[in-house]
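The structure under discussion appears below in the form of structure tokens.
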Amino acid sequence: MIHPRIKELSAYKTETTPCKVKLSSNELPIKFPEEVKRKIGEVVSSLPLNRYPDPQASELKEVIAKRFGVSTDNLVLGNGSDELIQYLTIAVGEINSPVLYPIPTFPMYGICATALGREKVEVPLKEDLDLDLEALLRAVEEKRPSLAFFSYPNNPTGNCFREDAIKRVRQEGVFTVIDEAYYHFSGKTFLADALQREDTVVLRTLSKIGLAGLRVGVLIAKEEIAREINKLRLPFNITYPSQVIAKLMLEDFYPIIEEHVQMVLRERERLMRELSKIEGVKVFPSDANFFLFKTPYPAGLVHAELIKEGVLVRDVSYLPNLENCLRVSVGFPEENDQFLQAMQRVMKRLC
Ligand SMILES: *Cc1c(COP(=O)(O)O)cnc(C)c1O
């Protein structure tokens, strides 16, 4: 019999309405050159696919360790950081102790807690979308959570939370996961803490730097912690193609990725500036490759009107504190221009 807690879940869906301009999933706008694709074809076609891949993904780990400036002993790789979130929810604290996180945030923290039957302690952000430290401390005292997740920067709000508030919650004895999926766009990190402390781990991913399709997530922790998490990792969680392609990209073609990250950072500033010039549009600050914006109109309506214009963004207005808000990812300059023009037309039509 399927447990009621599973029946309560709904399968994770992303928006798939086909649109010319897709700015809804925080992916990196990047088209790999022919030379890169040829090289990928070569390494993949020479794989012995009848064989199991390296269960440790050792060669890929070497490259990731070097890129992130850590030792391979500090790493656990996951089938996306989603899988690592699940491992942490299994491994940290008593299974009957709650999991704490601010809301709105990345849905996987809640999904994994529910799947495992752990109580969720969801603390709303303040109106300025930063952490409500008093409410967090009250929740910690009352519910005694053993595990906390902080998306840093936070998805979908785009901001990095106050560092002191995260540390203050951790000080209460809560094992703290800093999900740095957007690290390459924020430059802000708890890496030093993760390497030194047994109560802090950092999550990174290749998904937001152009390789979402490979499904490679990275947990960075003190060696003792990484070793324990590694015990519950499914042995072949990183497929053979993912191992060799990720290694190739990080080793030989990293400058292409870096170039595109820089492009997104430039475009983010331009797009936010231009969008905020449209009458009635409010743009929220961002440390990520996406940002929130708000109009005086129902977000569902703006969303639908943008689809008519061939542009897909994410409607996040159903989330607490995000009335009338939409989330847009930064794309190629041409895509951003098309989004801006579409917004101009939509706002004119709706007023
Ligand atoms: C996109 C995202 C991830 C990435 O998950 P993967 O499974 O690595 O693709 C993790 N955390 C947050 C907050 C995200 O927005």
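For ligands, and for the atoms within them, numbers begin at 1 and follow the listed sequence. Please read all numbers here as calculations on a predicted model, not as lab measurements.
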For residues 131-139, run the donor-acceptor check on the side chains, cut-off 3.5 Å, and write out each pair with its distance to 0.1 Å, sequence neighbours left out.
unit_1	atom_1	unit_2	atom_2	d
Asp132	OD1	Ala135	N	3.2

How are the rings of Tyr152 and Phe190 set to each other: parallel, tilted or perpendicular (split at 30° and 60°)? perpendicular
Any side-chain heavy atom of Met263 within less than 4.5 Å of one from Phe332? yes
Which ILVMFWY residues can you reach from Phe236 by hopping between side chains whose heavy atoms are under 4.5 Å apart? Tyr52
Residues which pass ring pair (Phe, Tyr, Trp, His ring centres under 6.0 Å) with Tyr182, listed by chain and number, not counting sequence neighbours: Phe290
Donor-acceptor contact below 3.5 Å, side chain Arg5 vs main chain Ala115: yes
For a quick check: using heavy atoms under 4.0 Å, what are the residues in contact with ligand 1, sorted by chain and number? Gly80, Ser81, Asp82, Phe106, Tyr109, Ser151, Asn155, Asp179, Ala181, Tyr182, Thr205, Ser207, Lys208, Arg215
